[in-house]
Colleague: 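Structure provided below as structure tokens; questions to follow.
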Amino acid sequence: MAGKTLFDKIWDAHVVEQIEDGPSVVYIDQHLIHEVTSPQAFAGLDARGLKVLRTNRTVATPDHNVPTIDQDKPIRDDLSRFQVDKLTENCERHGVTLYGLNHPYQGIVHVVGPQLGITQPGMTIVCGDSHTSTHGAFGSVAFGIGTSEVEMVLATQCLMQSKAKRMRITVDGELGPGVGAKDIILYIIAQITASGGTGYFVEYAGSAFRNLTMEGRMTVCNMSIEMGARGGLIAPDETTFEYIRGREFAPKGADFDAAVAKWRELYTDADAVFDAELHFDAADIEPMITYGTNPGMGVKVTGNVPNLSDIEESGRTSFSKSLEYMGLVPGELLLGKQVDYVFVGSCTNGRIEDLRAVAQFVKGKKKADNITAWIVPGSKQVEKQAQEEGLVAILEEAGFMLRQPGCSACLAMNEDKIPKGKYAVSTSNRNFEGRQGPGARTMLASPITAAAVAVTGKIVDPRDL
Amino acid sequence: MAREKFQKVHSSAVPVHIENVDTDQIIPARFLKATTRDGFGENLFRDWRYDGNNQPIADFALNNPIYSGDILVSGKNFGCGSSREHAAWAITDYGFKVVVSSFFADIFKNNALNNGLLPVQVSDAFLAQIFEAIEADSKATFTVDLEAQTFTIDATGASASFEINSYKKECMLNGYDDIDYLLSLKDKIEEFEKKRA
């Protein structure tokens, strides 16, 4: 019998019941909740007279619609305030741990889980948010769910899910200078399209991922959903164990050693078979940027927008619609194009390492006059660390506006919106029409590329600076 | 709590002939601040349906009076992006019972099924035939038979079968919720927890 993939090992260990020609009943180790996709789930519990089954496996924090200034004052937007208050009320009533606004642990749910040591290898983790795939960086099976499913997990700690197919994406070799985790994942999505991973759970393997820090691995796994994959994961190793060691909710002392011994068994067997295998060479990857309105529409930053003839005939109408929205023409060179906003933040690139990279790049420089530069730490802890390390001073000196933690302009649910028609180079994960505000034109890139754009005011190859 | 049972659908369709329709287009994030499941239909495809001054954009299918019906037809990779179930709520609240595409994003498909909205996946070629039938006659009707798992273009009689696992089919036909089933497994779940502890 062939060996098992890492995904199979974790999945199979969590199946409570298998329904014939139907989904598996899967046990969930950790449930993360936030204000936007949980109120209807709590209302469902109330209607049935149920309580949250396992409060010790549930953690909440508001992130999606919170303002990123004046967080110590009442939220001005009535609907946002009501939704955040509702989360507080629901958590209190059900005894769920909440890191509310101004709590030192508040932040974007996918930044909070890992940095507190809540996210651990071998776990099943869900959240009513598609970027839950982020946690796969630790060798866990983590994926986003809808609100009906949030209700199921609150009520039963289980979900009904059809098992995904298995895909392995191997990237071997050394990354060039100025090329990072974000460029790897944007490159992969550009190669396989925004739906190339649909139906699959992806394992990332090879030296390019092994050599990444945990922050970099989180950036990669975070965007698994942008190729349509159910989730992505990376087998845990010494880098993983060292990251977890000593964190608030990580096992301590002998318990930690015992946990690590178990975590070492989390790898894909040599003879395991995947439903799909893809290989890429790290040396082919350059700093990337997107030009269109889905994350698969990316090119190297020195590249041109594709010509209509490069696009499959059935996709040409959508391609043209996309370019029209972006105010770009087929074949156009992106270098030198003027940009209006730079946004550094989100669950993709709002971690301390991202802030360090940007600070290091802009140290002693000033942002260009035509640029509005926002930097939004992923959590209160990231914010604190950035202050202690002197990054905040460097960034403010360079003309960046440092805001308070939240999802912010990644999805523009709060006031942090890019105005209509303006170009934003963004470290977030989606360039959909209107994602960063009605009419906003988003170009996704790495923190270093975003920093280079902030300094020059236009699309630029960060390696030239 | 039982849902409405899914009956055979016989209806004309509304064509949104665009690929990669993401959930931010189906329901933009700024409309996700509600705490109930109602009323999202009003903002379905908001930024394609209305301009910056809240005036209807005439050439968008939902604003075109020649189109109507219980079936939404759209290009491949429908429902990609965010996991927001609000997308399924917006589509059902607007009045659709079926969404047809040649490819669906996984989370959207689950969310649809959990709300009694049937995602029907057909081949690219058959999807093209559906669009052609609507173009030829905006009132062209289609028959969606979940029991038989077929989607038929009434005018030509062309029919395609679609996949759905037998568990989910049963749930749709009978109006069952997953949560009712999960609640019935209480003992089994506790046993599982004990075994792993």
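Proteins come first, then strands; the chains are lettered A, B, ... in the order of their sequence lines, and each starts at number 1.
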Colleague: Under the side chain to side chain contact (heavy atoms under 4.5 Å, CB included) criterion, do B:Phe192 and A:Gln157 qualify, and how do the steps go?
Modeller: CA-CA 11 Å; B:Phe192 179 86; A:Gln157 206 58 41; over 6 Å; no
Colleague: Below 4.5 Å from any heavy atom of chain A, which atoms of B:Asn111 appear? Answer side chain, backbone, both or neither.
Modeller: side chain
Colleague: Using side-chain heavy atoms (C-beta onward) and a distance below 4.5 Å, is A:Pro438 in contact with B:Arg30?
Modeller: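 Result yes, sub-4.5 Å side-chain heavy-atom pair found.
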Colleague: When you look at B:Glu85 and A:Gln40, which way does the side chain to side chain contact (heavy atoms under 4.5 Å, CB included) test go after all the steps?
Modeller: CA-CA 10 Å; B:Glu85 192 164 318; A:Gln40 294 87 352; over 6 Å; no
Colleague: Is it the case that the side chains of B:Trp48 and A:Glu433 hold a donor-acceptor pair, with the cut-off being a distance below 3.5 Å and no angle test?
Modeller: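 Yes.
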Colleague: Select one option (side chain, backbone, both, neither) describing which atoms of B:Phe31 are under 4.5 Å from chain A's heavy atoms.
Modeller: neither
Colleague: Counting only non-hydrogen atoms closer than 4.5 Å, does A:Ala164 touch chain B with its backbone (N, CA, C, O), its side chain (CB onward), both, or neither?
Modeller: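 Contact with chain B involves no heavy atom of A:Ala164 at all.
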Colleague: Taking side chain as everything from C-beta outward and backbone as N, CA, C, O, which of these in B:Thr36 sits under 4.5 Å from a heavy atom of chain A? Side chain, backbone, both or neither.
Modeller: backbone
Colleague: Report the C-alpha distance between B:Ile107 and A:Ser130 in whole Å, list the side-chain angles of each, state the deciding distance to 0.1 Å, and finish with yes or no for side chain to side chain contact (heavy atoms under 4.5 Å, CB included).
Modeller: CA-CA 8 Å; B:Ile107 306 180; A:Ser130 60; 4.2 Å; yes
Colleague: Below 4.5 Å from any heavy atom of chain A, which atoms of B:Lys168 appear? Answer side chain, backbone, both or neither.
Modeller: neither
Colleague: With side chains defined as the heavy atoms from C-beta onward, is the minimum distance between A:Thr317 and B:His17 less than 4.5 Å?
Modeller: no
Colleague: If we only count heavy atoms from C-beta on, is the A:Leu411 to B:Arg84 side-chain gap below 4.5 Å?
Modeller: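 The answer is yes; the side chains approach within 4.5 Å.
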Colleague: Decide yes or no on side chain to side chain contact (heavy atoms under 4.5 Å, CB included) for A:Val25 and B:Tyr181, but give the supporting numbers first.
Modeller: CA-CA 10 Å; A:Val25 175; B:Tyr181 184 74; 4.3 Å; yes
Colleague: Is the closest side-chain heavy-atom distance between A:Asp21 and B:Lys169 below 4.5 Å?
Modeller: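 They are not in contact (no side-chain heavy atoms under 4.5 Å apart), so the answer is no.
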Colleague: Could you tell me whether the side chain of A:Ser318 and the main chain of B:Glu19 form a donor-acceptor pair under 3.5 Å?
Modeller: yes
Colleague: In terms of heavy-atom proximity below 4.5 Å to chain A, should B:Glu191 be classed as side chain, backbone, both, or neither?
Modeller: neither
Colleague: Less than 4.5 Å to any heavy atom of chain A: does that hold for the side chain of B:Glu170, its backbone, both, or neither?
Modeller: neither
Colleague: Side chain, backbone, both or neither: which part of B:Asn115 has a non-hydrogen atom closer than 4.5 Å to chain A?
Modeller: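 Only the side chain of B:Asn115 comes within 4.5 Å of chain A.
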Colleague: Has the side chain of A:Glu149 got a donor or acceptor atom that lies under 3.5 Å from a matching backbone atom of B:Asn114?
Modeller: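 It does not hold such a pair.
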Colleague: Supply the atom-to-atom distance B:Asp24 CG to A:Thr293 OG1, rounded to the nearest 0.5 angstrom.
Modeller: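 Between B:Asp24 CG and A:Thr293 OG1, I get 11.0 Å after rounding to 0.5 Å.
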Colleague: A:His14 versus chain B, heavy atoms under 4.5 Å apart: side chain, backbone, both or neither?
Modeller: both
Colleague: Between A:Gln83 (side chain only) and B:Ala34 (backbone N and O only), is there a donor and an acceptor less than 3.5 Å apart?
Modeller: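 Here the side-chain-to-backbone pair exists.
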Colleague: State whether the side chain of B:Lys33 and the backbone N or O of A:Met413 hold a donor-acceptor pair below 3.5 Å, judged by distance alone.
Modeller: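 Present.
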